[in-house]
**Q** 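Next up is a structure, given as structure tokens.
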Amino acid sequence: MQIEQQLTSEIQKAVRHLFGAEPPDIQLQPTRPEFAGSHTLVCFPLTRLSRKSPDETAQAIGAYLTANVPWISAFQVVKGFLNISLSDSVWTKVLAYIFQHTAYGTLPASGREIMVEYSSPNTNKPLHLGHLRNNFLGWSVSEILKANGYTVHRVQIINDRGIHICKSMAAWKLFGNGETPQSSGMKGDHLVGKYYVEFDRQYKKEVKALMEQGLSEEEAGKQAPIMQLATDLLRRWEAKDEETLSLWRTMNGWVYQGFEATYRRMGVTFDKLYYESDTYLLGREEVLKGLQQGVFYKKEDGSVWVDLTAEGLDHKVLLRADGTSVYITQDIGTAILRFRDFPNIEGQIYTVGNEQEYHFKVLFIILRKLGYSWAEKCHHLSYGMVDLPTGKMKSREGTVVDADDLMDEMVKDAETLTRQLGKIEGLTEAEARELFETIGLGALKFFLLKVDPRKRMLFDPQESIQLQGFTGPFIQYTHARIKALLRKAAQEGISFGAKGFENLQKLEPAERHVVQVLSRYEEKVKEAALLYSPAIIANYAYELAREYNQFYQTIPVLGETDNSSVQFRLALSDAVARVIAHAMHLLGIRVPERM
RNA sequence: GGCUCCGUAGCUCAAUGGAUAGAGCAACUGCCUUCUAAGCAGUAGGUUGAAGGUUCGACCCCUUCCGGAGUCACCA
């Protein structure tokens, strides 16, 4: 895929020859569809060299190119823009290249290694819509980095200890009557989540009662018996009280079983799990070392701080007066531990909501101050919250869109529509189920990934998820359609290959357009990695599918009489199907053979 | 209040400083006797929050304001 480079070098030659000067950056961009041509040269920056108007400059370069470069067939000047048309033989060669490179879109291994963290849930409640965005993003960015030649290690840190799980434990002790996932038939994470909500309900009741007795809200909050039970459980946990540890292990075990089912359905996996209960004491040593090196300072009360005013930030506590760790201390320790576990990684990517931007800014500065050069390559993959029409999601109050429920609903919708359209004929029950799953999850993932990760997005359960238009199923459909076409070709005994169309001289505009979009794929894969943005891939996949559908709708493939054209169109279709499958794979979305 | 992010069609979202700001949904009109109509073609819908500035050229960069969100915890 070196058209761009070759074209650039020809333009540089032209500029040197015509204006006798070394050209600055050549600005090439795709030609807008309403004009003829595929590449557009922006001529304004060249006017300083040419000492001519933009139009005259463009005219001169265009004339030179068409006269001297055999594969440039035509040009057109529009208001300082030089639109360049390449001969169709270039495009047939491009297609031949893409068709023959089965790994098109996957860049060669770079030998570079990187870690991506995502998910990292608390264990007191099931996963919700926000986690879905997080997991799909983390997964997709990992795939995109792999396609860019990286070796990727996917990890998460499971926040399995702390007051939140103790709250669920407290409520379960009080109201659970020994309920288990088996006895209730509930998924483990949902069962534990139920008691988390139960805790909040009871807590509010108690606080209200205490306030009616004249206590302040703060005081009432502390004295509420159920809160005292929870903090007592936390104390016992830290003191390694066996009974408490046992309940903790049991309830976390329920949650993990539930999570596992959810992750499996989401199609998400991890290479290594870190548990906060193992890592929460880490970092203290590092901070003490930093204190000795004079990177940090100690206050009279014994607490340890870092001064970030030079970086335009504030002072930040790293160890409490009693010597215990805070959140960021743990993260310092965990980061260093991970670099010991994976010595070859050059950096870490943290998929965490944008409300923690300040935290990660501080974390990376501290790691740099401690002398870890890899801190430069640490990146907070920050994403915006998913809003509901009703406002913010609150786990405590149970006003969340549950991940399992949502996936169920999506798959059900997919099933309803698929049946309505009569598309399950000839499928076994198992195949049909798999198809509903593929479509439903494809719609959900695509919906969450097509938006720029940084942006806050709105999720309207009633209207947001569609199966038509700019959606995953639209792209899946295009893929299935091509597969049907290829099956039919095989049935009719038509085989095809790059040799079959090497002499094709003339292309239809619709054919040319599809090849042009195909030729941009690798650029997009690089760009997506650079920006950590699956949205770029999603938008590209949609553009490609749309372009192909236009072709498909207007140009016959198997009905064509000219054999070279049949060969070309089949190869084109095959290449589109493969690139769609590749792009969707980068998004973690499967594509069906039929739908 | 300081800092960060966001503000684009009725709604949800696009647009490496480049051409007449594009899609989908919703609304309206066409196209299944031809490879899958989850499709295609078309109509309508915009003072890109506002005002200045830089530039040959600004949704994009700078300044100020308006509106929204987040953060500034010895919670995680």
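Convention: sequence-line order gives letters A, B, ...; per-chain numbering from 1. Heavy-atom basis, side chains included; hydrogens, waters and symmetry copies ignored. All values derive from a computational prediction rather than experimental measurement.
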**Q** Should the pair F501(A) and F568(A) be assigned to parallel (<30°), tilted (30 to 60°) or perpendicular (>60°) ring geometry?
**A**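 F501(A) vs F568(A) ring planes: perpendicular.
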**Q** Take atom C1' in G67(B) and the same atom in G49(B), then report the distance between them in whole Å.
**A**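 Here G67(B) and G49(B) have their C1' atoms 7 Å from each other.
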**Q** Look at the side chain of T418(A) against the base of A38(B) and say whether a donor-acceptor pair falls under 3.5 Å; ignore hydrogens and angles.
**A**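 Indeed, a donor on one side and an acceptor on the other fall under 3.5 Å apart.
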**Q** Assess whether one donor atom and one acceptor atom, taken from the side chain of T40(A) and the base of A19(B), lie less than 3.5 Å apart.
**A**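 It does, because a donor-acceptor pair links the side chain of T40(A) to the base of A19(B) below 3.5 Å.
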**Q** Centre of Y383(A)'s six-membered ring, under 6.0 Å away, within 45 degrees of the axis: is that where NZ or CZ of R454(A) sits?
**A**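 Verdict for Y383(A): no cation-pi partner in R454(A).
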**Q** Nearest to the side chain of D301(A), heavy atoms from C-beta on, is which of C74(B), A76(B), G24(B)?
**A**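 Closest nucleotide to the D301(A) side chain: C74(B).
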**Q** Quick check for you: among G39(B), A38(B), C6(B), whose closest atom lies nearest to any side-chain atom of F474(A)?
**A**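 Nearest to the side-chain atoms of F474(A), counting from C-beta on, is G39(B).
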**Q** Pick base, sugar-phosphate or nothing for E527(A), based on heavy-atom distances below 4.0 Å to the nucleic acid.
**A**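 Nothing, no nucleic acid heavy atom in range.
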**Q** Partner of C13(B) by Watson-Crick or G-U wobble geometry, both contacts under 3.5 Å, or none?
**A**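 Because both required distances fall under 3.5 Å, C13(B) counts as paired with G22(B).
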**Q** Return the pairing partner of U29(B) with a 3.5 Å limit on both distances, Watson-Crick or G-U wobble; otherwise return none.
**A**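 Per the H-bond distance test, A41(B).
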**Q** With sugar-phosphate meaning primed atoms plus P, OP1 and OP2, does I163(A) contact a base, only sugar-phosphate, or nothing at under 4.0 Å between heavy atoms?
**A**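 Nothing, no heavy atom under 4.0 Å.
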**Q** So what does L486(A) hit on the nucleic acid, given a heavy-atom distance under 4.0 Å: a base, only sugar-phosphate, or nothing?
**A**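 Nothing, no nucleic acid heavy atom in range.
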**Q** Please work out if R546(A) contacts a base, only the sugar-phosphate, or nothing of the nucleic acid, heavy-atom cut-off 4.0 Å.
**A**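 Touches sugar-phosphate only.
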**Q** Scan Q476(A) against the nucleic acid and name what it touches under 4.0 Å (heavy atoms): base, sugar-phosphate only, or nothing.
**A**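 No contact.
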**Q** Using OP1 and OP2 only, check whether a side-chain N or O of K79(A) sits under 4.0 Å from U20(B).
**A**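 Affirmative; the distance criterion is met.
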**Q** Can you tell me if R48(A) touches the phosphate of U55(B), counting only side-chain N or O atoms and a distance under 4.0 Å to OP1 or OP2?
**A**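 Answer is no, no contact under 4.0 Å.
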**Q** Within the pair R481(A) and A37(B), is there a side-chain N or O less than 4.0 Å away from OP1 or OP2?
**A**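 Yes.
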**Q** Check every strand shown and say whether V451(A) touches a base, only sugar-phosphate, or nothing at a heavy-atom separation below 4.0 Å.
**A**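 Here V451(A) touches the backbone only, sparing every base.
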**Q** From CG of L531(A) over to C1' of C60(B), roughly how many Å is that when rounded to an integer?
**A**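 Atom-to-atom, L531(A) to C60(B), this comes out as 14 Å.
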**Q** If you compare every side-chain N and O of Y327(A) against the phosphate oxygens of A76(B) (OP1, OP2), does one of them come in below 4.0 Å?
**A**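 Checking A76(B) against Y327(A), no side-chain N or O comes under 4.0 Å of OP1 or OP2.
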**Q** Choosing from A76(B), C40(B), U12(B), which nucleotide comes nearest the side chain of Q330(A)?
**A**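 Looking only at heavy atoms from C-beta outward on Q330(A), the closest nucleotide is A76(B).
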**Q** So, does Q468(A) get its side chain near the phosphate of C25(B), meaning an N or O under 4.0 Å from OP1 or OP2?
**A**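 For Q468(A), the contact criterion (side-chain N or O under 4.0 Å from OP1 or OP2 of C25(B)) is not met.
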**Q** Could you tell me how far G57(B) sits from G68(B) if I compare only their P atoms? Round to whole Å.
**A**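 Their P atoms lie roughly 35 Å apart.
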**Q** Using whole Å, what does the distance between atom P of nucleotide C74(B) and atom CG of D314(A) come to?
**A**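 Checked: the CG to P distance equals 10 Å.
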**Q** Could you identify the nucleotide paired to C61(B), looking across every strand shown and requiring Watson-Crick or G-U wobble geometry with both distances under 3.5 Å?
**A**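 The answer is G53(B), by the H-bond criterion.
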**Q** Base, sugar-phosphate, or nothing for A480(A), non-hydrogen atoms under 4.0 angstrom?
**A**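 Base, at least one base heavy atom under 4.0 Å.
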**Q** C40(B) phosphate, OP1 or OP2: any side-chain N/O from N549(A) under 4.0 angstrom?
**A**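 Yes, because at least one side-chain N or O of N549(A) sits under 4.0 Å from OP1 or OP2 of C40(B).
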**Q** Can you see if the side chain of R32(A) gets near the phosphate of A19(B) - specifically, an N or O under 4.0 Å from OP1 or OP2?
**A**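 True: R32(A) side-chain N/O within range (under 4.0 Å) of A19(B) OP1/OP2.
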**Q** So E543(A), base contact, sugar-phosphate only, or nothing? Heavy-atom distance under 4.0 Å.
**A**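 E543(A): no heavy atom of the nucleic acid under 4.0 Å.
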**Q** Assign V557(A) to base, sugar-phosphate, or nothing according to its heavy-atom contacts below 4.0 angstrom with the strands shown.
**A**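 If one applies the 4.0 Å heavy-atom cut-off, V557(A) turns out to touch a base.
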**Q** May I ask you to check whether N83(A) and R32(A) show a side-chain donor-acceptor distance below 3.5 Å?
**A**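 Result is no, nothing qualifies.
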**Q** Does the structure show a Watson-Crick or G-U wobble partner for C3(B), both distances under 3.5 Å? Name it, or say none.
**A**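 Partner of C3(B): G70(B).
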**Q** Does K488(A) make a side-chain N or O approach to OP1 or OP2 of U36(B) shorter than 4.0 Å?
**A**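 No, because none of the side-chain N or O atoms of K488(A) sits under 4.0 Å from OP1 or OP2 of U36(B).
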**Q** Over 60° means perpendicular and under 30° means parallel, so classify the ring planes of Y532(A) and H379(A), tilted if in between.
**A**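 H379(A) and Y532(A): parallel rings.
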**Q** For a quick check of understanding: with a heavy-atom distance under 4.0 Å over all strands, which category does P121(A) fall into, base, sugar-phosphate or nothing?
**A**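 If one applies the 4.0 Å heavy-atom cut-off, P121(A) turns out to touch nothing in the nucleic acid.
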**Q** Reckon T47(A) touches a base, only the sugar-phosphate, or nothing at all at heavy-atom distances under 4.0 Å?
**A**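 It contacts nothing in the nucleic acid.
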**Q** Strictly by modelled atom types, are H39(A) and Q29(A) linked by a side-chain donor-acceptor pair under 3.5 Å?
**A**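 Checked: H39(A)/Q29(A) side chains show no N/O donor-acceptor pair below 3.5 Å.
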**Q** Tell me whether the rings of F199(A) and Y203(A) are parallel (<30°), tilted (30 to 60°) or perpendicular (>60°).
**A**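 The rings of F199(A) and Y203(A) lie parallel, inter-plane angle below 30°.
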**Q** Is the glycosidic angle of C32(B) within 90° of 0, making it syn, or outside that range, making it anti?
**A**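 Syn, angle within 90° of zero.
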**Q** The side chain of Y542(A) lies closest to which of these nucleotides: C35(B), U36(B), G24(B)?
**A**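 Among C35(B), U36(B), G24(B), the one nearest the side chain of Y542(A) is G24(B).
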**Q** Which part of the nucleic acid, if any, lies within reach of N83(A) when heavy atoms closer than 4.0 Å are counted: base, sugar-phosphate only, or nothing?
**A**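 The residue N83(A) makes base contact.
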**Q** Do D160(A) and T123(A) have side-chain N/O donor and acceptor atoms under 3.5 Å apart?
**A**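 Not at all, the side chains of D160(A) and T123(A) share no donor-acceptor pair under 3.5 Å.
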**Q** In terms of side-chain heavy atoms of A484(A), which of C35(B), U36(B), C72(B) is nearest?
**A**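 Nearest to the side-chain atoms of A484(A), counting from C-beta on, is U36(B).
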**Q** When we call it a touch if two heavy atoms are under 4.0 Å apart, what does Y477(A) touch: a base, just sugar-phosphate, or nothing?
**A**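 Result for Y477(A) = base.
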**Q** Does a nitrogen or oxygen in the side chain of K361(A) sit under 4.0 Å from OP1 or OP2 of U4(B)?
**A**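 Checking U4(B) against K361(A), no side-chain N or O comes under 4.0 Å of OP1 or OP2.
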**Q** Among C72(B), A76(B), A38(B), which is the nearest nucleotide to the side chain of Y358(A)?
**A**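 Nucleotide nearest to Y358(A)'s side chain: C72(B).
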**Q** Whole angstroms only, please: what is the CG-P distance between L458(A) and G7(B)?
**A**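 Whole-Å distance recorded here is 15 Å.
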**Q** Donor-acceptor pair, distance only, cut-off 3.5 Å: does the side chain of E560(A) make one with the backbone of D562(A)?
**A**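 It does hold such a pair.
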**Q** Should R456(A) be listed as having a side-chain N or O under 4.0 Å from OP1 or OP2 of C5(B)?
**A**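 Answer no for this pair, as no side-chain N or O of R456(A) is under 4.0 Å from OP1 or OP2.
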**Q** Consider the side chain of D452(A), meaning its heavy atoms from C-beta on, and name the nucleotide among A14(B), U36(B), G18(B) that approaches it most closely.
**A**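 Side chain of D452(A) sits closest to A14(B).
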**Q** What nucleotide, of G39(B), C25(B), C35(B), holds the atom closest to the side chain of Q466(A)?
**A**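 Of G39(B), C25(B), C35(B), C25(B) is nearest to the side chain of Q466(A).
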**Q** Let's see if you can work this out: which of U71(B), C13(B), C74(B) has an atom nearest to the side-chain heavy atoms of M457(A)?
**A**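 Among the listed nucleotides, the one closest to the side chain of M457(A) is C13(B).
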**Q** Under 6.0 Å between ring centres: does that hold for Y542(A) and F446(A)?
**A**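 No, the ring centres sit 6.0 Å or more apart.
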**Q** Between U12(B), A38(B), A14(B), which nucleotide has the shortest distance from any of its atoms to the side chain of N539(A)?
**A**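 Nearest listed nucleotide: A14(B).
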